[in-house]
Amino acid sequence: MTTPSMDTTHVPPGFRALMLALARGGATLAGLIRRGDAGLSADVEINSGGDGQKRLDIQADAMFRDALRNAGLRWYASEELEAPVAMQPDGILALAIDPLDGSSNIDTNVSIGTIFAVYPAESQAGTSFLRPARDLIAAGYIVYGPRCCLVVSFGDGTQIYTLNPDTDSFDLTDPRAVLPDCHFEFAINASNYRHWPRPIRAYIDDCLAGIDGPRAQNFNMRWIASLVAEAHRILMRGGIFLYPSDARQGYERGRLRVLYECAPIAFVIEQAGGRATDGALPILDGAITDLHGRTPLVFGSAEKVDRVAAYHDLPEAEVSALFGHRGLFRA
Ligand SMILES: O=P(O)(O)OC[C@H]1O[C@](O)(COP(=O)(O)O)[C@@H](O)[C@@H]1O
Ligand SMILES: [Mg+2]
Ligand SMILES: [Mg+2]
C-alpha cells in the first residue's frame with residue numbers, strides 16, 4: 001500500500017510538512033468513509049459545544065491528530081476537544097479543525113468533509129486561536145464526495161487538489177479557482193423559516209417570488225446539511241449559502257462555529273473572489289473570542305452576499321412589507 005501524498009509544487013515551503021500531513025490524514029479518512037463500516041454513525045458522546053459526537057467524529061479527530069504529530073504544529077484545537085492540545089514545543093503553527101463536518105450525513109452516503117484553519121503559533125494556546133480572524137495564514141477543507149478534493153488557500157488565491165485513487169496522491173487540478181459570479185441558487189435550511197430574522201425572511205421571500213417578484217428571476221434551492229459540500233458547490237458554480245441566527249434557543253448566533261467552520265470557509269471563499277459575512281459584516285473582520293463560539297454565516301457570490309447585507313439596512317417597514325411593496329430591489 002502506498003503512503004498518501006500530495007503535489008506540493010504550489011505550496012509555500014513553510015506549509016509543506018503541514019499539507020502533506022493533512023493529505024495523509026484526509027486520504028486515510030477518505031478510505032475509512034469509502035469502506036463504510038457499520039457503526040461509524042453511532043452516537044458516542046456530547047462534545048464541549050453541546051453537539052452529539054458520532055464514532056466517526058472521534059475517529060477523524062484521532063486520525064488527524066496522529067497524522068499531524070510531526071507537521072510543525074505547536075497547538076491543535078478541534079471541534080471534538082474542549083481545549084487545545086500542545087503538539088511540538090518548537091512548532092510555529094496553530095491549527096484548528098472540524099475533523100468531520102456534516103456528520104448527520106454519514107449514514108446516508110452524502111458528501112461530508114473536514115475543515116481546517118491555520119494561524120501563526122503564539123506562546124499560549126489561547127492567544128494562538130482567540131484573535132482577529134484575519135490573522136489566518138492558511139485555511140481549507142477536504143470534501144469526501146464522489147471525488148475527494150482538498151481545497152486550500154495560503155492567502156494568494158484558492159487551489160483545488162483531487163485525490164487520485166490510483167496513486168493515493170492529491171494532484172493539483174485548479175491552481176486558482178474563481179467563484180462564478182452569477183448562479184441563481186440559494187442554500188438555506190428552510191424548515192427554520194418561522195424562526196429567522198425579518199431581513200433573512202424578506203431576502204428568501206424575494207427569491208421564492210421568482211420571475212413575478214422584485215428580483216424578476218427564478219431561483220433554485222439546495223440544502224445538503226454539510227457545510228463543506230455546500231461550500232464546494234458554490235465554489236464550483238456560484239450561488240449563496242445562509243445559516244442565519246434564529247429565534248430557537250441556542251441559535252441566537254446561528255449554528256456554525258467561527259474558529260473551525262466559518263473563518264476558514266470565509267478565507268477560501270474570499271480568496272476565490274467571493275464574499276462571506278455574518279449577514280452584514282465580513283466574517284474575517286470579526287474577532288474570535290471563544291474557542292467554540294458561533295456566528296451567523298452568509299457566503300457565496302459577492303453580489304448576492306452584498307444584497308443580503310442591504311436587506312439588513314432596509315427600514316423595518318420595508319422588510320416587513322409584502323415583496324410587492326419593497327421598492328428598493330425593483331431595479
Ligand atoms: O441540521 P442543520 O441545522 O440544517 O445544520 C446543518 C449544518 O450543521 C453542520 O453539519 C455542522 O457541522 P458538524 O457536522 O461538524 O457538527 C454543517 O455541516 C451544516 O451546514
Ligand atoms: Mg461542521
Ligand atoms: Mg464536525
Side-chain angles (χ1 to χ4, degrees), residues 25-26 29 32-33 40-65 76-82 95-117 139-145 151 186-196 200 204 221-235 239-266 268-269 276 278 283 291-300:
L29 181 55
L32 186 66
I33 292 165
L40 290 180
S41 66
D43 292 318
V44 183
E45 280 189 55
I46 305 283
N47 66 20
S48 47
D51 290 337
Q53 287 175 309
K54 311 239 178 234
R55 182 159 298 135
L56 192 58
D57 285 321
I58 295 177
Q59 284 188 358
D61 179 61
M63 282 167 113
F64 278 108
R65 215 173 342 148
Y76 173 94
S78 165
E79 179 182 20
E80 308 309 334
L81 301 173
E82 186 165 355
L95 176 132
I97 193 165
D98 176 353
L100 205 278
D101 175 66
S103 38
S104 71
N105 286 317
I106 297 169
D107 267 345
T108 58
N109 197 12
V110 167
S111 298
I112 48 186
T114 296
I115 312 173
F116 57 91
Y141 62 79
I142 303 172
V143 57
Y144 310 101
V151 175
F186 64 88
I188 192 164
N189 185 340
S191 69
N192 299 319
Y193 180 91
R194 69 191 185 285
H195 304 297
W196 293 338
I200 299 294
I204 297 296
M221 198 197 86
R222 291 284 183 274
W223 188 249
I224 309 175
S226 176
L227 172 61
V228 164
E230 319 267 13
H232 199 62
R233 185 193 61 247
I234 289 172
L235 179 65
I240 186 167
F241 169 101
L242 307 95
Y243 207 120
S245 60
D246 68 52
R248 288 173 295 164
Q249 198 180 1
Y251 286 77
E252 299 80 3
R253 300 281 305 148
R255 172 182 174 124
L256 301 170
R257 317 289 174 152
V258 190
L259 176 63
Y260 40 77
E261 293 185 312
C262 305
I265 294 292
V268 164
I269 293 292
D278 63 2
I283 292 289
L291 214 56
H292 299 286
R294 303 169 197 261
T295 180
L297 176 63
V298 176
F299 70 84

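Because only heavy atoms are used, hydrogens play no part in the values below, and waters and symmetry mates are left out as well, while side chains stay in. Every number for a ligand or one of its atoms is a count from 1 in the order of the listing.
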Within a distance under 4.0 Å of any heavy atom of Ser226, pick out the atoms of ligand 1 and give their elements.
-> 18 (O), 19 (C)
How close does the nearest protein non-hydrogen atom get to [atom], and which residue and atom is it?
atom: atom 20 (O) of ligand 1; result: Leu227 N, 3.5 Å
atom: atom 10 (O) of ligand 1; result: Gly102 CA, 3.5 Å
atom: atom 7 (C) of ligand 1; result: Arg255 NE, 3.8 Å
atom: atom 4 (O) of ligand 1; result: Asn189 ND2, 2.8 Å

Is there a polar contact between ligand 1 and [X], counting only N or O atoms under 3.5 Å apart?
X: Phe241; answer: no
X: Val228; answer: no
X: Tyr243; answer: yes

[X] contact mode with ligand 1 (heavy-atom cut-off under 4.0 Å):
X: Glu79; answer: side chain
X: Asp98; answer: side chain
X: Asp101; answer: both

Do Asp57 and Val44 come within less than 4.5 Å of each other through their side chains, counting heavy atoms only?
-> no
Beyond-backbone contact of Val268 with Phe299, side-chain heavy atoms, under 4.5 angstrom = no
Within a radius below 2.8 Å of the Mg ion (ligand 2), how many protein N, O or S atoms are present?
->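 Considering protein N, O and S only, the Mg ion (ligand 2) has 3 within range.
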